[in-house]
Amino acid sequence: MSRNISEFDYKTEIAALVKNGWSVSEGQKELKTEFKFKDHPEAIRFVVEVGTIAEKMGHYPEWSNIYNTVWVKFKSDQPGGVGSSDIKLAQKMQSIAQFKN
């Protein structure tokens, strides 16, 4: 797995995501969170905006939506767990969600 960031930066970035409500499984195989929006249209706008970014990155999370809630999960079977692409997209999602709420 290519992380493209130092181990220190990796731990710092994961810690920042956890501080913002993300959870990391043991062994760092999964990174997941739940975003809540004011209504369904706002949640769908988030999915569309993030979907466009994910397409440009060529990197796709698992996600689902019910009404105003979007659940997101990054999974990795690679040694070392989730990688830099997962973290970068998670950070973008966090930024977009904070702007919308």
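- The number of heavy atoms from other shown groups lying within 6.0 Å of NZ (K29) is above 12.
- Residues L17 and M57 share a single hydrophobic cluster, defined by chaining ILVMFWY side chains whose heavy atoms lie under 4.5 Å apart.
- With a 4.5 Å cut-off on side-chain heavy atoms, E30 and V24 do not count as touching.
- Its side chain within the 4.5 Å cluster rule, V48 clusters with I44 among the Ile, Leu, Val, Met, Phe, Trp and Tyr residues.
- For the pair N65 (side chain) and T69 (backbone), a donor-acceptor distance under 3.5 Å is present.
- Between the NZ atom of K32 and the NZ atom of K73 there is a distance of 6.0 Å, given to the nearest 0.5 Å.
- When atom types are taken as modelled, the side chain of D86 and the backbone of G83 share a donor-acceptor pair closer than 3.5 angstrom.
- Put simply, the side chain of F74 reaches to within 4.5 Å of the side chain of L89, judged on heavy atoms.
- Side chains of L31 and K75 form no contact here, defined as non-hydrogen atoms less than 4.5 Å apart.
- The structure places CG of D9 at 11.0 Å from OG of S84, a figure rounded to the nearest 0.5 Å.
- Taking the six-membered ring for Trp and thresholds of 30 and 60 degrees, F46 and F37 have ring planes inclined between 30 and 60 degrees apart.
- Judged purely by distance below 3.5 Å, without hydrogens or angles, the side chains of W22 and Q94 pair a donor atom with an acceptor atom.
- Taking the side chain as every heavy atom from C-beta outward, S64 and V70 never approach each other to under 4.5 Å.
- Using a 4.5 Å cut-off on side-chain heavy atoms (C-beta onward), I53 and I96 make contact.
- In this structure the side chain of E62 never reaches within 4.5 angstrom of the side chain of V72, judged on heavy atoms.
- For the side-chain contact (heavy atoms from CB on, under 4.5 Å) with V50, the qualifying choice from R45, E55, K92, M93 is M93, the only one to do so.
- To the nearest 0.5 Å, the span separating CH2 on W71 from NZ on K36 amounts to 6.5 Å.
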